[in-house]
S.K.: 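One structure, pasted below without further comment.
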Amino acid sequence: MPELPEVETVRMGLEPVLTGQTFARVTTHRADLRFPFPENFAKRLTGARVMRLERRAKYLIAHLSTGEALLMHLGMTGRFHVQAKGEAVAHLLGDYEYETGAQPKHMHAVFDMRGGARVTYADPRRFGYMLLVPDAELAEHALMRGLGVEPLSDDLTPAYLARRAVGRRSDLKAFLMDQRIVAGLGNIYVCEALFLAQLRPSRPASVLATRGGKPTVHATRLAAGIKAVLKAAIAAGGSTLRDYRQADGSTGAFQNTFQVYGREGEPCVRPGCRGIVRRSTQAGRSSFYCPVCQH
DNA sequence: AAGAACTCCTGTTGGC
DNA sequence: TGCCAACAGGAGTTCT
């Protein structure tokens with residue numbers, strides 16, 4: 001589910017209740033998500049203080065006073081929710097849970113902080129996971145080491161895209177979905193960024209590559225399109241399709257602003273363009289694009 | 001060795 | 001209403 005804007009929105013929601021706060025009690029309701037919870041997960045967290053909560057790519061990373069880092073990924077359907085002390089959670093519960101007091105289905109972990117705030121993690125598909133990694137080893141961890149540039153940093157430039165695209169055989173869609181190139185994009189924002197750049201998802205990535213001199217106009221437009229769509233999505237609180245919620249339970253709003261994603265058969269929104277948005281399948285995932293203004 | 005296919009898991013939706 | 005197939009925001013692993 002969550003791509004960079006959603007993870008960043010969740011990070012901002014969790015920050016005030018986690019940063020500087022100490023875990024009082026940690027409960028898991030099953031042994032594993034995508035991977036098993038770390039050995040002695042609750043024990044290693046209890047009493048630990050969160051020094052800093054950062055996002056890298058689609059990962060949330062809580063740096064702890066114990067010298068470990070709690071590395072979290074939401075997969076497709078992971079949701080963190082913050083409850084203030086005593087806050088009702090009826091909107092998270094089905095009738096059965098509400099009436100019996102049972103844990104909501106798919107609520108796999110509960111973090112109680114000293115001071116009373118509670119953070120819960122739910123994840124129906126369980127593609128998410130949590131790991132504990134020594135802080136000193138984090139940068140070299142297998143999941144972190146190969147990650148590409150942060151798209152909202154100054155590292156993402158037309159020249160960077162042009163350089164990484166040299167000799168690529170894959171299409172632009174696969175190129176941008178590859179976390180080793182640009183970290184944090186997913187299906188939605190790749191489609192939207194390619195629309196803004198007026199590039200077709202099926203174009204070979206090598207169209208970005210420079211021949212000697214300057215980056216191509218494609219690379220320039222694409223770098224700008226990626227940054228623009230991500231910034232706008234963060235400002236809107238992310239995109240809610242099904243499962244995604246901000247940490248306070250509210251939905252994002254950026255799905256109302258999609259230019260092509262999920263708009264198959266609808267007219268292209270670009271002024272003056274008479275195209276009809278098309279859907280195609282690439283690497284088993286849907287791509288949406290305007291066949292008239294994206295080349 | 002890059003790139004595509006398959007895999008994990010559950011829920012929802014659309015067609016018949 | 002029921003049943004089944006297709007599909008969903010990700011990405012590690014296995015294949016070719």
Side-chain angles (χ1 to χ4, degrees), chain A residues 1-10 29-37 55-60 71-80 92 94 96 104-108 121-131 141-148 151 164-194 201-206 209 229-230 233-234 236-246 251-258 260-265 279-288:
Chain A
M1 139 204 161
E3 308 182 27
L4 186 153
E6 290 74 35
V7 178
E8 180 60 24
T9 304
V10 169
H29 296 298
R30 54 175 300 126
D32 53 60
L33 299 172
R34 174 164 191 168
F35 306 126
F37 278 104
R55 179 195 57 74
R56 170 75 172 113
K58 297 171 194 168
Y59 295 93
L60 285 171
L71 184 62
M72 298 167 278
H73 196 291
L74 302 176
M76 293 272 255
T77 54
R79 274 165 64 168
F80 279 105
L92 283 178
Y96 173 79
K105 209 175 174 187
H106 307 308
M107 183 175 283
H108 307 309
Y121 180 76
D123 188 354
R125 286 174 80 177
R126 301 204 304 277
F127 287 169
Y129 50 91
M130 299 183 194
L131 303 174
H141 192 276
L143 294 170
M144 298 282 107
R145 197 179 342 125
L147 288 175
R164 296 299 304 266
V166 172
R168 287 272 156 182
R169 298 306 181 99
S170 56
D171 54 38
L172 283 169
K173 177 71 183 297
F175 179 74
L176 293 177
M177 291 288 283
D178 188 340
Q179 301 299 298
R180 294 167 300 183
I181 310 290
V182 179
L185 298 178
N187 207 30
I188 290 176
Y189 297 108
V190 166
C191 290
E192 295 294 310
L194 287 170
S202 57
R203 272 309 274 295
S206 57
V229 72
L230 295 179
I234 292 171
S239 306
T240 298
L241 298 189
R242 295 181 177 78
D243 303 279
Y244 169 73
R245 293 292 185 282
Q246 302 184 42
T251 57
F254 194 70
Q255 66 281 2
N256 303 318
T257 315
F258 289 164
V260 283
Y261 187 86
R263 302 183 72 110
E264 182 183 14
R279 183 171 80 97
S280 68
T281 300
Q282 294 175 278
R285 314 294 298 277
S286 290
S287 289
F288 298 90

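By convention in this document, chain letters (A, B, ...) are assigned in the order of the sequence lines, proteins followed by strands, and residues within each chain are numbered from 1.
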S.K.: With 3.5 Å as the limit, what N/O pairs link the protein to nucleotides 14-16 of chain C?
M.R.:
none

S.K.: Expressed as a whole number of Å, how far does the P atom of C:dG9 sit from that of B:dG14?
M.R.: 15 Å
S.K.: Is the closest side-chain heavy-atom distance between A:D123 and A:D243 below 4.5 Å?
M.R.: no
S.K.: Establish, with yes or no, whether the OP1 or OP2 oxygen of C:dA11 is under 4.0 angstrom from a side-chain nitrogen or oxygen of A:K58.
M.R.: yes
S.K.: Report which part of the nucleic acid A:F35 touches: base, sugar-phosphate, or nothing (heavy-atom distance under 4.0 Å, all strands).
M.R.: nothing
S.K.: Does A:F127 stack onto the base of C:dG10, taking stacking as ring centres under 5.5 Å apart and planes under 30° apart?
M.R.: yes
S.K.: Want to settle it: does A:D178 or A:R30 sit nearer the 5' end of DNA chain B, counting the closest nucleotide to each?
M.R.: A:D178
S.K.: Taking only the P atom of each, what is the distance from C:dA11 to B:dA1 in whole angstrom?
M.R.: 24 Å
S.K.: In whole Å, I'd like the distance from the CG atom of A:L71 to the P atom of C:dG10.
M.R.: 17 Å
S.K.: Suppose we screen for side-chain hydrogen bond (donor to acceptor under 3.5 Å, both in side chains). Which residues come up paired with A:S170, at least two apart in sequence or across chains?
M.R.: none
S.K.: Tell me the interatomic distance from A:L185, atom CG, to C:dA11, atom C1', rounded to whole angstroms.
M.R.: 14 Å
S.K.: On DNA chain B, which is the earliest and which the latest nucleotide, 5' to 3', with an atom closer than 4.0 Å to a heavy atom of chain A?
M.R.: B:dG3 to B:dG11
S.K.: Do A:M72 and A:F80 have side-chain heavy atoms sitting under 4.5 Å apart?
M.R.: yes
S.K.: Rounded to whole angstroms, how far apart are CD on A:E192 and P on C:dG9?
M.R.: 12 Å
S.K.: For A:L74 and C:dG9, give me the distance from atom CG to atom P, rounded to whole Å.
M.R.: 15 Å
S.K.: Can you name the residues that form a salt bridge (Lys or Arg N to Asp or Glu O under 4.0 Å) with A:R180, not counting sequence neighbours?
M.R.: A:D178
S.K.: Identify the stems formed by DNA chain C, where each pair is Watson-Crick or G-U wobble with both distances under 3.5 angstrom and a stem is at least 3 consecutive pairs.
M.R.: B:2-8 with C:10-16, B:10-16 with C:2-8
S.K.: Can you check the A:R180 CZ to C:dT13 P distance for me, whole Å?
M.R.: 12 Å
S.K.: To the nearest 0.5 Å, what is the distance between CD1 (A:I188) and CZ (A:F254)?
M.R.: 9.0 Å
S.K.: My understanding is that only residues two or more places apart in sequence, or in another chain, count here; which of them pass side-chain contact (heavy atoms from CB on, under 4.5 Å) with A:T240?
M.R.: A:Y244, A:R245, A:T251, A:Q255
S.K.: Who passes side-chain hydrogen bond (donor to acceptor under 3.5 Å, both in side chains) against A:K173, sequence neighbours left out?
M.R.: A:N187, A:S287
S.K.: Taking only the P atom of each, what is the distance from B:dA5 to C:dC7 in whole angstrom?
M.R.: 14 Å
S.K.: Between protein and nucleic acid, restricted to nucleotides 6-8 of chain C and to nitrogen or oxygen atoms under 3.5 Å apart, what atom pairs and distances do you find?
M.R.:
| from | atom 1 | to | atom 2 | distance (Å) |
| --- | --- | --- | --- | --- |
| C:dA8 | OP1 | A:S286 | OG | 2.5 |
| C:dA8 | N3 | A:R125 | NH1 | 3.1 |

S.K.: With sequence neighbours excluded, what pairs up with A:A283 under the side-chain contact (heavy atoms from CB on, under 4.5 Å) test?
M.R.: none
S.K.: Considering residues at least two apart in sequence or located in another chain, which fulfil the salt bridge (Lys or Arg N to Asp or Glu O under 4.0 Å) criterion with A:R125?
M.R.: none
S.K.: Quick one: CZ on A:R285 to SG on A:C191, what's the gap to the nearest 0.5 Å?
M.R.: 9.5 Å
S.K.: By nearest heavy atom, map A:R126 and A:R169 onto DNA chain B; which one lands nearer the 5' end?
M.R.: A:R169
S.K.: So A:S286 and A:Y261, side-chain hydrogen bond (donor to acceptor under 3.5 Å, both in side chains) or not? Walk me through it.
M.R.: CA-CA 9 Å; A:S286 290; A:Y261 187 86; over 6 Å; no
S.K.: Could I get the full list of salt bridge (Lys or Arg N to Asp or Glu O under 4.0 Å) partners for A:R55, not counting sequence neighbours?
M.R.: A:E8, A:E150
S.K.: Do A:T77 and A:F127 come close enough that some side-chain heavy atom pair is under 4.5 Å?
M.R.: no
S.K.: I'd like to check the side-chain contact (heavy atoms from CB on, under 4.5 Å) partners of A:R242; sequence neighbours left out, ordered by chain and number.
M.R.: none
